[in-house]
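Okay, structure first, notes after.
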Amino acid sequence: MALEAAGGPPEETLSLWKREQARLKAHVVDRDTEAWQRDPAFSGLQRVGGVDVSFVKGDSVRACASLVVLSFPELEVVYEESRMVSLTAPYVSGFLAFREVPFLLELVQQLREKEPGLMPQVLLVDGNGVLHHRGFGVACHLGVLTDLPCVGVAKKLLQVDGLENNALHKEKIRLLQTRGDSFPLLGDSGTVLGMALRSHDRSTRPLYISVGHRMSLEAAVRLTCCCCRFRIPEPVRQVHLLLCSRRSWESTDGVSVGLLSPWLRAGPSWWPHGHRRCGAPGCQVQALLPGQAGPLQGKADICSREHIRKSLGLPGPPTPRSPKAQRPVACPKGDSGESSALC
DNA sequence: GCGACAG
DNA sequence: ATCTTGTCGC
């Protein structure tokens, strides 16, 4: 307790972590290893996964780790699992993996045991891959440890190796006009560490894509773009939704209802109606309505035909954001222009 | 006027 | 990450 009270982990721990990163980094494969990765239409790719860990405000220990698997190219949820965990490591920039990866590994392992047929062929990871202080971000870390192809998808530029979110960078962003536009992130070291990608026509803010494991940067960018209905790629976005709903039901059973965001409390209109939720170990699958309370529990769940998902493609006015509605768009935006009101 | 550091 | 406000940039 009170480990990270003041200055985070001791220098000793950090250097241990650095050594581990250096050791594992040797196993990173930064090129395409699968046939589908080189195919123009990604034919052969059938399942894309997303993972993330979400936190409970006011609680530095409890968190929720989730894994979802989507069909490709339909992008429908075919598997989702989440579990409450107790974090052991604090967040330290450059060492995100030591905080999150152990739990993500467990989820992958669980899937491997229970539903090997649903194992994703690639994972989109919230965070960076080789675009990292030591070239070994969480996407590489998880990739090496699972031996799954992984892509780092970050929402903010990690300013390393001379990369800076400065005026020049912002100007380059401004030049990204339509979905799919991108520019390389060239570090002072002379290496291309990743790409800034405009993932959606209606979103100005780029994603920062970098290689995690067993995939080229080009394929990573192309795949990410293929997974974007909105700014955030569906696998990652679905994981966020799962985490959010999970948190809300968690809180109805617990103590932090008052800490929930108003968006969630209000019974968000963007919530997939009646979407099934999965919970923690030892529980049952539930049908949870927006804002509805549910027993705290959960278990692996296979939601193959999530026809409910279709609602995501329907006119569900999600975020009555700001007076930025310049465009009469025919598609529902859940999070495009903004940093997502979700999580 | 703040603080730079993925999540 | 979370919460929140509001629309840049030094």
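Each chain gets a letter, A, B and so on, in the order its sequence line appears, and its residues count up from 1.
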Atom CZ of residue position Arg112(A) - does it have more than 12 heavy atoms of other residues, nucleotides or ligands inside 6.0 Å? yes
Protein-nucleic acid N or O pairs under 3.5 Å, nucleotides 8-10 of chain C:
| from | atom 1 | to | atom 2 | distance (Å) |
| --- | --- | --- | --- | --- |
| dG9(C) | OP2 | Lys170(A) | NZ | 3.3 |

Rounded to whole Å, please give me the gap between CG in Leu163(A) and C1' in dA4(B). 15 Å
Check whether the side chains of Gln121(A) and Gln46(A) place a donor and an acceptor atom closer than 3.5 Å, and report yes or no. no
Are there runs of at least three consecutive Watson-Crick or G-U pairs touching DNA chain B, with each pair's two distances under 3.5 angstrom? Give them by first number. none
Can you check the Arg99(A) CZ to dA6(B) P distance for me, whole Å? 13 Å
Spacing of Asp59(A) atom CG relative to dC3(C) atom P, expressed in whole Å: 13 Å
Qualifying side-chain hydrogen bond (donor to acceptor under 3.5 Å, both in side chains) pairs with a residue from residues 128-146 of chain A, counting only residues at least two apart or across chains: Gln21(A)-Arg134(A)
With sugar-phosphate meaning primed atoms plus P, OP1 and OP2, does Phe95(A) contact a base, only sugar-phosphate, or nothing at under 4.0 Å between heavy atoms? base
Is there ring stacking between Tyr91(A) and dA1(C), where the centres must be under 5.5 angstrom apart and the planes under 30 degrees? no
Just to be sure I understand the rule, does Gly94(A) reach a base, reach only the sugar-phosphate, or reach nothing, if contact means heavy atoms closer than 4.0 Å? base
Main-chain N/O of Leu70(A) paired with Gln238(A) side-chain donor or acceptor, under 3.5 Å: no
Determine the contact category for Asp126(A): base if any of its heavy atoms lies under 4.0 Å from a base atom, sugar-phosphate if only primed atoms, P, OP1 or OP2 are that close, otherwise nothing. sugar-phosphate
For dG7(B) and Ser54(A) - does any side-chain N or O of the residue sit under 4.0 Å from the phosphate oxygens OP1/OP2? no
Within less than 4.0 Å of OP1 or OP2 of dC5(B), is there a side-chain N or O belonging to Gln159(A)? yes
In this structure, how many angstroms lie between the C1' atom of dA6(B) and the CG atom of Asn128(A), rounded? 5 Å
Heavy atoms, side chains only, cut-off 4.5 Å: are Pro90(A) and Pro9(A) in contact? yes
Non-hydrogen side-chain atoms of Asn166(A) and Lys170(A) separated by less than 4.5 Å: no
With rounding to whole Å, what would you report as the distance between dA6(B) and dC8(C) at their C1' atoms? 24 Å
Between Leu223(A) and Val122(A), is any pair of side-chain heavy atoms under 4.5 Å apart? yes
Checking Asp147(A) side chain against Val144(A) main chain: does a donor-acceptor pair fall under 3.5 Å? no
Over-ring placement of Arg237(A) relative to Phe230(A), 6.0 Å and 45° cut-offs: no
Connected via hydrophobic side-chain network under 4.5 Å: Phe55(A) and Val125(A): yes
Rounded distance (Å) that lies between atom C1' of dG7(B) and atom CZ of Phe103(A): 14 Å
If you measure from the P atom in dC5(B) to the same atom in dC3(C), how many Å do you get, rounded? 23 Å
Stems of at least 3 consecutive Watson-Crick or G-U wobble pairs (donor-acceptor distances under 3.5 Å) involving DNA chain C, listed by first number, are none
Provide the distance between the two P atoms, one in dA4(B) and one in dA1(C), to the nearest whole Å. 16 Å
Quote, to the nearest angstrom, the C1' distance that separates dG3(B) from dC10(C). 13 Å
For DNA chain B, which residues of residues 206-222 of chain A approach it to below 4.0 angstrom with any heavy atom? none
Need one value for His132(A): base, sugar-phosphate or nothing, where a base atom within 4.0 Å counts as base even if backbone is also close, heavy atoms only. base
Just to verify, what does Glu34(A) make a side chain to side chain contact (heavy atoms under 4.5 Å, CB included) with, not counting sequence neighbours? Trp36(A), Gln37(A), Pro149(A), Arg214(A)
Please determine which of Asp52(A), Ile232(A), Val151(A) meets the side-chain contact (heavy atoms from CB on, under 4.5 Å) test together with Leu124(A). Val151(A)
Whole-Å gap separating P (dA1(C)) and CZ (Phe55(A)): 8 Å
Test item: Asp181(A) side-chain N/O and Arg198(A) main-chain N/O as donor-acceptor pair under 3.5 Å: no
CG of Asn165(A) versus C1' of dC5(B): gap in Å, rounded? 13 Å
Report yes if a side-chain nitrogen or oxygen of Lys155(A) is closer than 4.0 Å to either non-bridging phosphate oxygen (OP1 or OP2) of dA6(B); otherwise report no. no
Under 4.0 Å, heavy atoms only, any strand: does Val160(A) hit a base, just the sugar-phosphate, or nothing? nothing
Check this for me: Glu12(A), atom CD, are more than 12 non-hydrogen atoms of other residues, nucleotides or ligands nearer than 6.0 Å? no
Between His240(A) and Asp126(A): side-chain donor-acceptor atoms closer than 3.5 Å: yes
Modelled atom types, side-chain donor and acceptor of Ser189(A) and Asp161(A), under 3.5 Å: yes
Please measure how far the C1' atom in dC2(B) lies from the corresponding atom in dG9(C), and state the result in whole Å. 13 Å
Tell me the interatomic distance from His240(A), atom NE2, to dA1(C), atom P, rounded to whole angstroms. 6 Å
